[in-house]
Amino acid sequence: MYAIELFFEAPFEQHVKNIWKELRDNNISSEMHDIIGLRPHITLAVYEDIPKFSLYLKHFTNYFQNVHEVSLKFDVLAFFPTSGTLFIDPTVTETLLRLHKEYHQEFNELMEFANQYYIPEQWDPHCTLAIKLSSDKILEGMKYCYRDFKPLRSKIIEIGVVKLEYDSNYRCLSSNTIHSKRLKPI
């Protein structure tokens, strides 16, 4: 399984990693902290497979040659109750939506392998803080994160192709970036 992920500036990335650690240290959730190679991100697409992978990587690199960084403001703390996912949301801008839509148009041949949560008209861009939380842990995590919450700004500065590895219980073990492209400065 592969994910196409948008990565942030170092200070924001460290901020999210600190939250992962605090959630683990406070026995709320260790899932995100424990995934090997995981970086804070917004997922652009997820694929069960990418046929002709070396051709895809060449196309990916060429396509993102002239794509610019995207400024974001993260000002929402929220959760998906059906999956027990706690996250922070960026303000959705036309620039962010266009990046997503144009990527999927350019790589439309992969649509049959795409996870439906990440396709245009279904996508809810977010940066995950915790996953697989029970109802009680969602509330505990929300309360914990809310006490120090403040809106933050960052930029998407890099896009990566990530190889996801799961165990037999569909628990993510690793999320290693196998190819990435730095975006053009704004």
Above 12 or not: heavy atoms from other molecules or residues under 6.0 Å from CD of E109? yes
Is there a path of hydrophobic side-chain contacts, each under 4.5 Å between heavy atoms of I, L, V, M, F, W or Y residues, that connects L164 with I36? no
Search all heavy atoms of P81 against all heavy atoms of I138 and return the closest pair with its distance. CA-CD1, 4.4 Å
Spacing of L129 atom CG and H33 atom NE2 [to the nearest 0.5 Å]: 13.5 Å
Mind telling me whether Y63 and H59 have parallel, tilted or perpendicular rings, with 30° and 60° as the class edges? perpendicular
Look only at the side chain of K137 and the backbone of N27, and say whether a donor-acceptor pair between them is shorter than 3.5 Å. yes
With side chains defined as the heavy atoms from C-beta onward, is the minimum distance between M142 and F79 less than 4.5 Å? yes
State, to 0.1 Å, how close C145 and L86 come at their nearest heavy-atom pair, and which atoms those are. SG-CD2, 4.0 Å
What about V16 and M32, same hydrophobic cluster or not, with Ile/Leu/Val/Met/Phe/Trp/Tyr joined at side-chain heavy-atom distances under 4.5 Å? yes
Donor-acceptor under 3.5 Å (H179 side chain, T177 main chain): no
Checking K155 against F8: charged group under 6.0 Å from the ring centre and within 45 degrees of the axis? no
Any residue meeting side-chain hydrogen bond (donor to acceptor under 3.5 Å, both in side chains) with N62, in chain and number order, not counting sequence neighbours: none
Roughly how far, to the nearest 0.5 Å, is the CZ atom of F53 from the NZ atom of K163? 8.0 Å
Go through the steps to decide whether K132 and R171 satisfy the test side chain to side chain contact (heavy atoms under 4.5 Å, CB included), and finish with yes or no. CA-CA 10 Å; K132 300 182 182 178; R171 182 173 163 263; 4.1 Å; yes
I'd like to know if the side chain of T93 pairs up with that of T95 as donor and acceptor (distance under 3.5 Å, no hydrogens or angles considered). no
Minimum heavy-atom distance between P185 and H68, given as atom pair plus value: O-CD2, 3.3 Å
Is H100 reaching over with its side chain to a backbone N or O of Y118, donor-acceptor style, under 3.5 angstrom? yes
Is there a path of hydrophobic side-chain contacts, each under 4.5 Å between heavy atoms of I/L/V/M/F/W/Y residues, joining F87 to L38? no
Kindly indicate whether the side chain of N115, heavy atoms from C-beta on, has any atom under 4.5 Å from the side chain of Y47. no
Name the residue from L77, D124, I42, L72 that meets the side chain to side chain contact (heavy atoms under 4.5 Å, CB included) definition with D89. D124
When you compare the side chains of Q14 and N18, does any donor N or O come within less than 3.5 Å of an acceptor on the partner? yes
Could you state the interatomic distance from OG (S30) to CG (L23), rounded to the nearest 0.5 Å? 10.0 Å
Examine distances only and state if a side-chain atom of W123 and a backbone atom of L97 form a donor-acceptor pair shorter than 3.5 Å. no
Do the side chains of K143 and E140 get close enough for a salt bridge, i.e. N-O under 4.0 angstrom? no
Taking V70 as the starting point, is it possible to reach I4 by hopping between hydrophobic residues whose side chains are less than 4.5 Å apart? yes
Worked check of side chain to side chain contact (heavy atoms under 4.5 Å, CB included) between L57 and V161: CA-CA 8 Å; L57 289 181; V161 179; 4.0 Å; yes
Are any side-chain N or O atoms of Q116 and backbone N or O atoms of A114, one a donor and one an acceptor, separated by less than 3.5 Å? yes
Can you name the one residue among R39, H41, R182 that meets side chain to side chain donor-acceptor pair (under 3.5 Å) with E158? R39
I need the E94 CD to L99 CG distance, nearest 0.5 Å. 11.5 Å
Does R147 make a cation-pi contact with F149, if we ask for NZ or CZ under 6.0 Å from the ring centre and within 45° of the axis? no
Does Y117 OH have over 12 foreign heavy atoms under 6.0 Å away? no
Note, F80 side chain near H126 side chain (heavy atom, < 4.5 Å): yes
Student check: side-chain heavy atoms of W20 and S29 closer than 4.5 Å: no
C127 SG to I19 CD1 distance, which is reported to the nearest 0.5 Å: 8.0 Å
How are the rings of F60 and F107 set relative to one another: parallel (under 30°), tilted (30 to 60°) or perpendicular (over 60°)? tilted
Start with the C-alpha distance between I159 and V67, add both sets of side-chain angles, then the distance that settles side chain to side chain contact (heavy atoms under 4.5 Å, CB included), and finish with yes or no. CA-CA 10 Å; I159 183 162; V67 174; over 6 Å; no
Just so I know, are the side chains of I156 and L96 near enough to count as touching, which here means a heavy-atom distance under 4.5 Å? yes
Tell me, do S175 and E5 make a side-chain contact under 4.5 Å, heavy atoms counted? yes
What distance separates M111 CE from Q105 CD, expressed to the nearest 0.5 Å? 9.0 Å
Determine whether V76 and L139 fall in the same hydrophobic cluster, where Ile, Leu, Val, Met, Phe, Trp and Tyr are linked whenever their side-chain heavy atoms lie under 4.5 Å apart. no
Within the side chain of H104, is there an N or O that forms a donor-acceptor pair under 3.5 Å with the backbone of L44? yes
Intermediate values then yes/no, side chain to side chain contact (heavy atoms under 4.5 Å, CB included), Y2 and I178: CA-CA 10 Å; Y2 298 93; I178 54 176; 3.9 Å; yes
Any heavy-atom pair between the side chains of R153 and S71 that's under 4.5 Å? no
Contact between L110 and P51 at the side-chain level, heavy atoms closer than 4.5 Å - yes or no? yes
